[in-house]
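Read the structure below first, then the notes.
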Amino acid sequence: MTIETSPESGPPEAAVTDGTTTTSPTTTEAEPATTLVGTGGEWWRSAVIYQIYPRSFSDSDGDGIGDLPGITARLTALSELGVDAVWLSPFMTSPQHDAGYDVADYCDVDPLFGTLEDFDRLLATAHGLGIRVIVDLVPNHTSWDHAWFREALAAAPGSPERARYMFRDGKGPNGDEMPNNWESVFGGPAWERTTNPDGTPGQWYLHLFDKSQPDLDWENPWVRERFREILRFWLDRGVDGFRVDVAHGLIKEAGLPDYTPPADAGSMGGGVVPVGLEPGIDSDAELDPPTPPYWAQDGVHEIYRDWHDLLAEYEGDRVLCAEAWVEPLTKLARWVRPDEMHQAFNFTYLSAGWSAPELRVVIDTSIAAFSSVGAPSTWVLSNHDVVRHASRLALGADNLQGAGIGPKSPGLPDPVVGLRRARAATSLMLALPGSAYVYQGEELGLPEDIYLPDEARQDPTWFRTHHEKYGRDGCRVPIPWEPQVPSYGFGLEGTSASWLPQPDDWDRFARASQEGVAGSTLELYKLALRLRAERQLGTGVLEWLPGYGENVIAFRNNGVTVIANMGETAVELPVETTPDGILLMSEALTEAALPPDTAIWLA
Ligand code: NOJ
């Protein structure tokens, strides 16, 4: 695999650096282009994948929790939107202590969401519409309700049942000190003590997340075999792939040494280092920075090589996508080497601020890092764990991933600026080569629900941090379909129940309020997705365009010129721009200039 560099790279034009003057840039000179050479034509390399968070998408039975029949009933809306695939967050049997990321039976559907037959219908309907389906696999931990864990608790220390999980004796004379100092991602200690059948205190078990989510021991071949069976179960049913939860966490460093994370470590990451403003990785330390003993251990890779081979036995380019909060990107690229997973979420891109210099580096670094192993870059701005980008991009204060925002958070966003930036950010993202992930509701311009009542919050983060961190509920509120009806049509039968309350002022965000309305966020997404497909931007080559100034992102991809103004002053458009040449605008233009926080695509 090589990175191709365009030979005709001339000196950049006089760049606008002070943010006030504007030149008339032309689109004829390009900086070196980076592109993938020699990749295959698998669908996932360029796909737009829409994340469905089942409990908040569409509720068919009126219990206030979305379900599989609800999704099936609404799939045509996603086909009209123009996505290639959906990823379903977990709908398997679960006591729902972490909204389904605590699985009690990997091979069945939780009655909250329906049945296996409902899943088969959903899959068939999606496939009939040309939409592929990816399901969520949660291998790092099970629910404490899983039969494997119940059997382990009932068995004696040292038994094969206990060896499925990370049970350890406590330290100290009575074993009443935790085996090490690790902290749970959701706050508080990562160890819980068990009680013996005679009522005396017993061993401890590790839970990197909630205490209802005991970590499996992936050094144990028994665990590996069970997950091969689970993969086959869903592959045999016809799923197109898996999003793999906590794909950086399965193996823990031998001896489980103490570790104290830095104060600014994000929740799912713990070891995420900020991307510098200079492209290129120039030291081994940057290439392979020290990681916590529970993240990004080398031993995870043989598991994914095994899964790669298993998926390869099936027809149809099935895909594995890693949820791995690993930086730098050069290290994350190891998850998508040719014999491992196929994609990894690009959380470095998601974490970038509203800054053109920062984004330019992230985009370059992403394409270079993933290309070096023959993988496409992915791009993502929102998901069910982070503050929605229509709010995040206008935050006036840092917000750690997973921490959430609420009424008392510092630097609360201006919603108008947030939405404007989100529309520009998405317009930029959907023009990039590679595969893009879209989170349900962002196509409606939904902001984070900052004012959820405290008593409604359900995220374990909220409880485990004693309400210090609001957590992720604000991005999980059921989405609005129609204005002026109960639950904005989330309840298909006109029911008003909704597991998290919806704000009173969401009429304007409802899908039906935006359908066919020129300039609406929904129509912007539809247009971007249609043009992206027509112009094959997902498989294109990015060439930077110089001359627009420090605070502007400008590039060309498969004949489309993309300009995003992240500065504070308007930017003049290329002299040759005509109204007919404008393919897409994230905002209406004032004169022949691109206003701040706006992106445009030109033919
Ligand atoms: C990552 C998931 O996206 C998140 O929602 C979940 O809480 C953790 N993994 C634990 O499974």
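Just so you know, ligand 1 is whichever comes first in the structure, and atom 1 is the first atom listed for that ligand.
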- Query: Under the 6.0 Å and 45° cation-pi test, does Arg168 pair with Trp191?
  - Reply: no

- Item | Aromatic ring pairing His141/Phe209, orientation class (parallel under 30°, perpendicular over 60°, tilted between) | tilted

- For ligand 1, indicate whether the residue Tyr53 contacts it via side chain, backbone, both or neither (heavy-atom separation under 4.0 Å). neither

- Query: Taking only residues two or more places apart in sequence or in another chain, which ones pass salt bridge (Lys or Arg N to Asp or Glu O under 4.0 Å) with Asp108?
  - Reply: none

- Task: Provide the number and element of each atom of ligand 1 under 4.0 Å from a heavy atom of Val246.
- Result: 9 (N)

- Item | Check: Trp335 ring centroid to Phe347 ring centroid under 6.0 Å | no

- Item | Phe370/Asn346 under side chain to side chain contact (heavy atoms under 4.5 Å, CB included): CA gap, chis, key distance, verdict | CA-CA 10 Å; Phe370 289 115; Asn346 188 342; 4.1 Å; yes

- Task: Just jot down the ligand 1 atoms closer than 4.0 angstrom to any heavy atom of Glu323, in number order.
- Result: 1 (C), 3 (O)

- Note: ligand 1 atoms sitting under 4.0 Å from heavy atoms of His141 are 10 (C), 11 (O)

- Check whether any heavy atom of Arg476 sits under 4.0 Å from an atom of ligand 1. yes

- Item | Option of least heavy-atom distance to atom 5 (O) of ligand 1 (set: Asp385, Asp102, Asp459) | Asp385

- Message: For His97, which part has a heavy atom under 4.0 Å from ligand 1: side chain, backbone, both, or neither?
- Response: neither

- Query: Looking at Trp462, is Arg464 sitting on its ring face, NZ or CZ under 6.0 Å from the six-membered ring centre and within 45 degrees of the normal?
  - Reply: no

- Query: For ligand 1, which part of Gln51 has a heavy atom less than 4.0 Å away: the side chain, the backbone, both, or neither?
  - Reply: neither

- Message: Need the ligand 1 atom indices (1-based, order shown) with element for anything under 4.0 Å from a heavy-atom of Arg472.
- Response: 4 (C), 5 (O), 6 (C), 7 (O)

- Hey, which of Trp234, Phe242, Phe227 is the one that makes ring-ring contact (aromatic ring centres under 6.0 Å, His included) with Tyr106? Phe227

